[in-house]
Amino acid sequence: MMDLFSEIEEPEREELKNLRKELEEANYKYYVLNMPTLSDREFDEKMHRLQALEAMFPDMFDPKSPTQHVGSDLGVTGNGLRVTGNKFETVKHKYPMLSLANSYSREEIEDWVRKLPAGVEIVCELKFDGLSISLWYEHGVLTRALTRGDGVQGDDVIANIKTIPSIPWRIDRTDIPDFFELRGEVLLPWERFEALNKEREEEEEPLFANPRNAASGTLKLQDPKEVARRGLEAYLYYMLGENLPGTTHYERLETAKQWGFHISDAIKVCHNVDEVMAYIAYWDTERKNLPVATDGIVLKVNDLAQQEELGFTAKTPRWAIAYKFPAEKQLTLFKEITYQVGRTGVVTPVANLEPVQLSGTIVQRATLHNEDFIKSLDIRPGDRVWVEKGGEIIPKIVGRADRNDEMSATTSLNDGMMYSFPDVCPECGAKLVRVEGEAAWRCPNEAGCPPQIKGKIEHFVSRKAMNIDGLGEETIDLFYQKGLLHNIADIYDLKLEDIASQERLGEKSAQNILDGIEASKNVPWARVLFALGIRMVGETTAKKIARKYNTIDALQWATAEQLCAIEDVGPQIAENIVKYFEDIRNLEILDRLRKAGLQMEGEAEPEPTSDKLAGLSIVISGTFSHHSRDEYKAMIEENGGKNVGSVSKKTSFILAGENMGPEKRKKAEDLGIRLMTEDEFLELVNGNL
């Protein structure tokens, strides 16, 4: 039974690490790129799973885990780029700016209420779907306007906030404290959102997915005049400070309203869960008539003394919770399927729909994921399908109406016929392939399929790869159409006159692009390897490979068997690497990149200085006084040992510090594995044992 447990634990640890990466990436896309990829509910479900796994493996605690901090938009400009310059001053919050825990049912609300003091009053408010803001007033004057940032510090966007008419610059009253802070949400009203997207469509610029993304991008623009033109709005919902009037949250909001602040009228004090649910039911319908986007209800303990007594967790206040409205669904006509080809050649089917309004936006397209997804739902062009916006952001098909139902106004165009995926690439006509065990069909024509070529270039210049500013999706498409870019090596042959002569570009833009290209020559070897876009070689895997093979020449001659010896490199990844270096076209590109001056080598993996720990698999657990965990890991490798993350029957011993994880300790006892103290380990590697 213990052996079975050993086999199960390792995948759960891997799941924990993968969830951390996935949620950090989701936070980056939400807060930085304004391109959310997960619905709120999907994000919360993954976060709850991560919390459960971290409770299961306390030895894997990491203060940088997504469970321990909120997402960050620090240093992000309106175009979704992080900047290192002084565009916005970063200021520490006087009070941490945390996020709220989410709930999705009456049962979850009841569970929250049970943990509150008896007879507590609950203030219900609309949850506006925008960008959090913290306004500081000193002696009646607005002095700071901070974004949430990372919850500890935020960017001061006061010049842009001053363009919002409903936010006063000065409060001319004698009854206000010397300092107070008001928090709220910056929004782009539906009307302004639609007008902005219409402008962008006419200018062939990417459309904003929803008002929240548009508000976030607008608030971080460098030009306050453009911010003012777009027409942001703000609703304020919380007051902080010393010596403030009132003993309840509701009283303070009423006071803020008297002082001239924009406070929503849709606020109600409730006394039990039934009243809360009645409020939710009313606004679930009525919110569709509001001029701004909402995605739920916020519940707060009214009594401020009770709020203080309840306190906070690492990320959220215990005295408040959000209820998220269920995703809206609509029935519409599934007209036809089109196909998109991605960077790695994966062909994704897309449903083209009869336009339908969902959560204030018009939906006309939804991903169908892959052939298996389509067959599992048994949907065909001509069907009436249910479309849902996950988290009111991402449209997806979740089912179809019965073909015999009266609501199904038309007959499926392929009634009685099973759906079959096309056998050739819609972009280049190459014969599609489907690897055994994979759901996706793939175009193998890497060097001749336009979306793959452009996708590889986009990946190469991306932030985590070569980080070349100015070469965005549209610019890359333009350069490809003009014959300037056919592969990643062509980037380093671009000339000032070639770039400056293109539409909407000039000498200044051209020089910025060339400066970014020149700077990319200093990007370290591990990131260059990631930038090459070898299939399944992600950022972390590339680092591990680059550490083992510190030159591209060494990596080129590595066998699949040798590559599989690297942590996280399985047979499929190893095969992909070997195939990459077998392709003469890739070798030609690599030769050009080398001649362009890219970093094709890095620091070598240190060779063991002794064999004292050769053949031993060692687990580190707990905290230590003489050295850090990383230093002990280095010692193990220097002495020929292997660091492993979990306890199994193959574990040689555990380097056990203070506060060792209880599950590791119990498992070690069950398996009879030795616990070695810090001092014993140091004696061992120093040759005294």
Side-chain angles (χ1 to χ4, degrees), residues 14 17-18 21 341-347 425 428 430-449 451-462 464-466 486-491 523-596 598-607 637 642:
E14 195 63 28
K17 291 188 285 186
N18 290 336
K21 293 176 187 175
V341 183
R343 170 176 68 88
T344 61
V346 171
V347 180
C425 175
C428 69
K431 182 81 171 174
L432 297 182
V433 297
R434 183 173 181 178
V435 178
E436 186 176 352
E438 292 187 9
W441 285 89
R442 193 180 301 276
C443 171
N445 186 21
E446 293 184 41
C449 187
Q452 293 190 66
I453 295 170
K454 291 184 284 186
K456 283 177 170 55
I457 297 172
E458 289 166 19
H459 170 77
F460 184 82
V461 304
S462 64
K464 291 186 176 182
M466 305 305 289
H486 301 93
N487 57 53
I488 56 177
D490 289 341
I491 292 171
V523 166
W525 157 231
R527 278 174 53 192
V528 174
L529 176 58
F530 170 60
L532 295 179
I534 301 173
R535 190 171 160 229
M536 298 175 69
V537 177
E539 182 186 13
T540 301
T541 304
K543 288 179 181 177
K544 293 178 179 178
I545 295 170
R547 187 177 175 211
K548 181 67 176 177
Y549 293 95
N550 68 311
T551 71
I552 198 163
D553 296 317
L555 179 60
Q556 179 180 344
W557 297 108
T559 66
E561 184 179 6
Q562 290 170 331
L563 291 167
C564 283
I566 302 172
E567 185 182 5
D568 291 345
V569 176
Q572 188 60 61
I573 297 177
E575 183 182 345
N576 292 340
I577 295 171
V578 170
K579 284 185 176 179
Y580 179 87
F581 286 104
E582 287 176 348
D583 191 324
I584 187 65
R585 293 168 299 189
N586 292 331
L587 297 180
E588 290 171 352
I589 288 171
L590 290 173
D591 185 56
R592 291 174 62 194
L593 293 177
R594 190 199 301 269
K595 290 176 179 176
L598 272 65
Q599 302 296 315
M600 295 295 188
E601 61 182 53
E603 293 183 5
E605 183 178 40
E607 291 294 325
E637 292 176 357
K642 180 180 179 182

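For the single chain, residues carry numbers from 1 onward in sequence order.
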Donor-acceptor list for residues 525-534 side chains, cut-off 3.5 Å, not counting sequence neighbours:
unit_1	atom_1	unit_2	atom_2	d
W525	NE1	Y549	O	3.0
R527	NE	A465	O	2.9
R527	NH2	A465	O	2.8

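Here CD1 of I589 is found 6.0 Å from OH of Y580. Values are rounded to the nearest 0.5 Å. For the atom pair OG1 of T541 and NZ of K543, the computed distance is 10.5 Å after rounding to the nearest 0.5 Å. Distance CZ/R343 to CD/Q452: 10.0 Å, rounded to 0.5 Å. With rounding to the nearest 0.5 angstrom, the NZ atom of K544 is 12.0 Å from the CD atom of E539.
With sequence neighbours excluded, no residue forms a salt bridge (charged side-chain N to carboxylate O under 4.0 Å, His left out) with E601. Take K456 and apply the side-chain hydrogen bond (donor to acceptor under 3.5 Å, both in side chains) test, not counting sequence neighbours, and it matches no residue. Take R594 and apply the side-chain hydrogen bond (donor to acceptor under 3.5 Å, both in side chains) test, not counting sequence neighbours, and it matches D553. Partners of K431 by side-chain hydrogen bond (donor to acceptor under 3.5 Å, both in side chains), not counting sequence neighbours: none found. Every residue two or more places apart in sequence or in another chain that forms a side-chain hydrogen bond (donor to acceptor under 3.5 Å, both in side chains) with D490 is listed here: H486, R592.
Within a 6.0 Å sphere centred on NZ of K642, other residues, nucleotides and ligands contribute 12 heavy atoms or fewer.
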* Asked: Stepwise, does the side chain to side chain contact (heavy atoms under 4.5 Å, CB included) test hold for R535 with E446?
  -> CA-CA 11 Å; R535 190 171 160 229; E446 293 184 41; over 6 Å; no

* Stepwise side chain to side chain contact (heavy atoms under 4.5 Å, CB included) test for L593 and M600 -> CA-CA 9 Å; L593 293 177; M600 295 295 188; 3.5 Å; yes

* Run the side chain to side chain contact (heavy atoms under 4.5 Å, CB included) check on L563 and L555 step by step: do they pass? -> CA-CA 9 Å; L563 291 167; L555 179 60; 3.8 Å; yes

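The backbone N or O of M536 sits nowhere less than 3.5 Å from a side-chain atom of Q572 that would complete a donor-acceptor pair.
Looking at I566 and R547, their side chains never come closer than 4.5 Å, going by heavy atoms from C-beta outward. A 4.5 Å side-chain heavy-atom check between V537 and I577 finds at least one atom pair inside the cut-off. Under the 4.5 Å side-chain criterion, counting only non-hydrogen atoms from C-beta, N586 is not in contact with F581. A 4.5 Å side-chain heavy-atom check between L598 and M466 finds at least one atom pair inside the cut-off.
When all heavy atoms are compared, the tightest approach of C425 to C428 is SG-N, 3.5 Å. Listed here is the closest heavy atom pair of I453 and A447: CD1-O, 3.3 Å.
Just one of L432, N445, V347, V346 meets the side-chain contact (heavy atoms from CB on, under 4.5 Å) condition when paired with V341; it is V347.
Here D583 does not pair with K579 in a salt bridge; the nearest charged N to carboxylate O distance is not below 4.0 Å.
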